[in-house]
Amino acid sequence: PWDVVHGLLAPGVELKAHQRAGLAWLWEQFSRGQAGVLLADDMGLGKTLQLAAFLALQRATQPPGERSPSLLVCPVILLENWQSELRRFFHPEVFASLLVLHGDTLRRLKRGKTLELTTVRGADYVLTNYETLEAHQQSLLTLDWNIVILDEAHKARRKGGLGDQKEQPNNLLSFMLQIGHRTKNL
């Protein structure tokens with residue numbers, strides 16, 4: 001799929017060898033139907049780029065009738081970083097259908113304790129933070145997510161977070177965890 005990936009990247013952007021290896025591994029796991037993976041490496045080696053390239057590749061090769069949004073969850077401090085990297089490394093149209101479920105957009109979609117989901121369903125990608133996911137999981141977990149990525153996944157394990165729920169979502173095509181450092185025991 002390297003020709004497809006190359007066509008998605010912004011001019012002058014090339015994946016480094018270790019990023020290509022990471023993307024190839026993600027693609028292989030996905031192609032084999034692996035339900036979840038953990039991408040852990042030292043900080044600063046381009047895990048966000050690898051995951052974003054995987055999402056873009058998966059969306060580009062997916063039949064149009066089988067589309068549902070992908071969910072990216074990260075700490076609030078990384079929301080702008082994700083947006084910045086998507087703008088910097090990809091053609092503008094690749095992530096044009098990104099919904100950032102935070103701030104004004106989140107306030108606009110709130111309906112009491114629930115969310116208006118039509119807009120969420122219509123996006124190709126939904127980027128949010130752990131606090132929003134926790135506060136609105138009753139709404140968000142009703143959706144059929146294509147792929148769920150948990151950046152800094154250890155944040156999901158805190159008391160009251162997703163890992164504390166009795167009923168886990170089973171409507172995911174697959175999910176991927178990203179840790180910002182090598183992990184010994186998740």
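Position 1 is the first residue of the sequence, and the numbers go up from there. Everything numeric here is computed off the predicted structure, so don't read it as measured data.
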Is the shortest heavy-atom distance from the side chain of [X] to the side chain of [Y] under 4.5 Å?
{"X": "I147", "Y": "F30", "answer": "yes"}
{"X": "L150", "Y": "L72", "answer": "no"}
{"X": "L15", "Y": "H6", "answer": "no"}

Could you go step by step and tell me if W2 and L23 meet the side chain to side chain contact (heavy atoms under 4.5 Å, CB included) rule?
CA-CA 10 Å; W2 298 115; L23 177 56; 3.6 Å; yes
Strictly below 4.0 Å, N to O, side chains only: are R87 and E80 in salt-bridge contact?
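Salt bridge present between R87 and E80.
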Among residues at least two apart in sequence or on other chains, which ones pass side-chain hydrogen bond (donor to acceptor under 3.5 Å, both in side chains) with [X]?
{"X": "N129", "result": "H102, T132"}
{"X": "Q83", "result": "none"}
{"X": "H91", "result": "none"}
{"X": "T61", "result": "none"}

Take Q29 and S31 through the side-chain hydrogen bond (donor to acceptor under 3.5 Å, both in side chains) test and state the conclusion after the steps.
CA-CA 6 Å; Q29 301 311 305; S31 298; over 6 Å; no
Within the side chain of [X], is there an N or O that forms a donor-acceptor pair under 3.5 Å with the backbone of [Y]?
{"X": "W145", "Y": "L140", "answer": "yes"}
{"X": "R59", "Y": "D124", "answer": "yes"}
{"X": "T128", "Y": "L101", "answer": "yes"}

List the steps and the verdict of side chain to side chain contact (heavy atoms under 4.5 Å, CB included) for S70 and V126.
CA-CA 6 Å; S70 290; V126 177; over 6 Å; no
Check: residues 103-112 side-chain donor-acceptor pairs under 3.5 Å, at least two apart:
unit_1: D104; atom_1: OD1; unit_2: R107; atom_2: NH2; d: 2.6
unit_1: R111; atom_1: NH1; unit_2: R108; atom_2: O; d: 2.8

Minimum heavy-atom distance between [X] and [Y], given as atom pair plus value:
{"X": "S97", "Y": "G122", "value": "OG-O, 3.8 Å"}
{"X": "Y125", "Y": "A56", "value": "OH-CA, 3.8 Å"}
{"X": "D151", "Y": "P75", "value": "O-CD, 3.6 Å"}
{"X": "Y130", "Y": "E152", "value": "OH-O, 3.5 Å"}
{"X": "W82", "Y": "L127", "value": "CB-CD2, 3.8 Å"}
{"X": "P69", "Y": "A123", "value": "CB-O, 3.2 Å"}

So how far is it from L143 CG to R121 CZ, rounded to the nearest 0.5 Å?
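With rounding to 0.5 Å, CG (L143) is 5.0 Å from CZ (R121).
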Could you work out, with ring pair (Phe, Tyr, Trp, His ring centres under 6.0 Å) as the rule, every residue matching F90, not counting sequence neighbours?
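F90 satisfies ring pair (Phe, Tyr, Trp, His ring centres under 6.0 Å) with F95 only.
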Check the side chains of Q50 and T48 for a donor-acceptor pair under 3.5 angstrom, ignoring hydrogens and angles.
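Per modelled atom types, T48 and Q50 side chains form no pair under 3.5 Å.
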